Every structure is written in C-alpha cells, then in structure tokens.
2 protein chains.
Amino acid sequence: MPLPETEVPGALQTALVSRGIRMTRQRRIILEIIETATQHLDAAQILRKAARVDPNINRVTIYRTLGLLKRHGLVDELDLLHVKGEGHFYERRPQRDHMHMTCLRCGKVQEFESDLFDRVKGQVERDCHFHILLARFEIGGYCASCRK
Amino acid sequence: MPLPETEVPGALQTALVSRGIRMTRQRRIILEIIETATQHLDAAQILRKAARVDPNINRVTIYRTLGLLKRHGLVDELDLLHVKGEGHFYERRPQRDHMHMTCLRCGKVQEFESDLFDRVKGQVERDCHFHILLARFEIGGYCASCRK
DNA sequence: CTGCTTGACGCAAAGCGTTGCAACACCATT
DNA sequence: AATGGTGTTGCAACGCTTTGCGTCAAGCAG
C-alpha cells in the first residue's frame, strides 16, 4: 500500500456524508482505521483495532461498513489469490489503479502501476463497449528474492 | 467460457495421472463435470451434478479436488467480483489467459483476450523480476446492453 | 430542544469453505 | 490374485461472512 498517506483526514467520512449516508459512531471508528492504515487489513484486524476504541462494536458492523464502502467505490477488496488464507483484504481506492503481485513462497505483496495496464482497460472500454467501474488485477508467482 | 470444447476427453485426468496423482472414482466424476462444463460452475453446482452420479459424494471432496486442480494449475478460480454472491467459480485453465468482465446490472460474464494484457504480464516479469504463475484480471462495470 | 422516521446496530442463525481424524480404497509389489 | 503402505474420503467441527429481525439512534422537521 502506498505509504505516504497524502490525503485529507476524514476524506472517507466526507465522501459518505456528501452522498447522504448517515454517519454513526461505529462508522467513524471504522473509517478512521481504514484511512490511517499503512497496510492491507482484513476484517478481523479492523475489528480488533475498532474494539480498542469501542469494545462493544460488532463484527457484523465491520462487514456491513466494508460492504457500504465497496458499493460506493471507496475501498477495493482483494483476496491476494488466497495465498494468505481465505479472507479478504481492503484498501482505500487509490487515484490510479494498480496491480497486486503476491509471492506464493514468502507471501510478500507488491503493488505496481503501469501505463500498459491503463491501456488494457481503455481497450476493453472501446472494443467491448464495456463501461468499467472496477478493475482488479491480481498476480501470483515468485518475487525477485524468492525466485533465486 | 469458450464454447467450442476443442479438447481431448479425459485430458484433466491424464494430466493428474501423469503427475503421479492417484485417481479415484470421486475424482473421475468431478473432472468429467469440469471438462464438459459450458459455463463457469461454483462448488455447489459441481456437487449437485456429482450427486446425480454418486449420491454419497461429499462436498468436502469437491473442495479438496478443486484445491488440487488449482495447485496444479489445471483450473482457475474466479470470484467474478462477488457480483453473483460470495462463492467462487471455476474454469479449466485456458491456453491463453483472458480477462473476465462481469456486468454489475445484468450479471452477464464476458471473456476477453488481448495482446496488451499479455504485454502487461511481460512488463511485470521484466520490470519487477517477478515470475508469474497465475494472473487474474477481473473487471466490473456495465456491459454494452446495460449501459444504454 | 423535542419528537418522529428511517436507517443502522447487535444478536442469533445460516451459508460457504476449511481442517482434524479415523476408516477406506488405490495401486505398486509380490 | 492377495498384501501392504499411503493418500483419499466422509464425518464432524470450526472459522469467516452474510442475512433476518427486533431495538436503537442519527438527524430532519417542527
């Protein structure tokens, strides 16, 4: 995940409120966690962090809030090809789409942006008359360190 | 899924046996179902079809056989961006990778091969020194019919 | 500030997929 | 054709995620 978090604090909250979504104590906690995350989190990790602020927060609320953010295109869901187990991981939707490469040996996840990647999406939009809202490109294999 | 099934019958079974994998009655049934499928099947559909041949076959066996085929690179697992529910879908690994575009309105799934797509993978291999074994490119949006 | 409507929360239960374990079946060897 | 070792199966139980439902609280109107 891109480390420099060059974003206005509370941007997710602002985005939801501007769409007329009701803001609750629980949602504020979850959004704050996602905004300040420096790595891909899964639902259990988000729950654990949230429980430190409000021990009564329920797992179901985590899942429902993640679903809400997904539907509004504010977070992307990854499964990293199930290399790290069956769970899903979440990240704020970035300015520009990127690919995720997961090493099948060491489990490290790299991200990669590319003009070619953007051009493939352009080709799909043109050739297939398909209006893209979501693009997930996940790659599995061996990273530079592990392929030696 | 590419409709013309231009493949030797029993190719999956041959591939497994040649790798020294033990062939069982249950596996033969499951492989046959996957080979003759004309659309992406999920585990429950495979189980239902298998139960018509052997009512005692267990769902765990379905999951384990799918895991085996995945590990050997003989089938690809898709989640079609969870548009059709949380389950996973399976298809035999094709000669050439393709993208999957799922319409968020009507649920239709299209496939698309592209040189650009192949070139992105080449770029990742070169620029990131990453040895690709698996590539999944899933797109969500509105198809030509639904975007009108 | 108070009341009201509607959406969100928490709980319980169900669905999908995985894991541990004992019994079984494949198949190589004899 | 019988035997034996090893991998596979089925069952039960568990973990992750979603769904149904009654209660509660956000935030608009007065």
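On a predicted model such as this, the values are computed, not experimentally measured, just so you know. Numbered from 1 within each chain, the chains take letters A, B, ... in sequence-line order.
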Show the nearest heavy-atom pair for residues B:G140 and B:L81, with the distance to one decimal.
N-CD1, 3.1 Å
Of the listed nucleotides (D:dC16, D:dT9, C:dA8), which one gets closest to any side-chain atom of A:Y63?
D:dC16
Rounded to whole Å, the CD1-C1' distance (B:I57 to C:dA25) equals 14 Å
Over how many whole Å does the gap from B:N56 atom CG to D:dT8 atom C1' extend?
16 Å
Name the closest nucleotide to the B:R22 side chain, picking from C:dG7, C:dA25, D:dC21.
C:dA25
Regarding B:Q110 and B:H98, is there a side-chain donor-to-acceptor distance under 3.5 Å anywhere?
no
Flag for A:E138-A:H100: side-chain donor and acceptor within less than 3.5 Å:
no
5'-most by nearest nucleotide on DNA chain D - B:V60 or B:R27
B:R27
If only side-chain N and O atoms count, and only distance matters, is there a donor-acceptor pair under 3.5 Å linking B:Q123 with A:S114?
yes
Nearest whole Å is fine: how far is D:dA25 P from A:I21 CD1?
21 Å
Listed nucleotide nearest any side-chain atom of A:R64, set D:dT17, C:dC11, C:dG17:
C:dC11
Nearest-Å distance for atom pair CZ/P, residues A:R19 and C:dG7:
18 Å
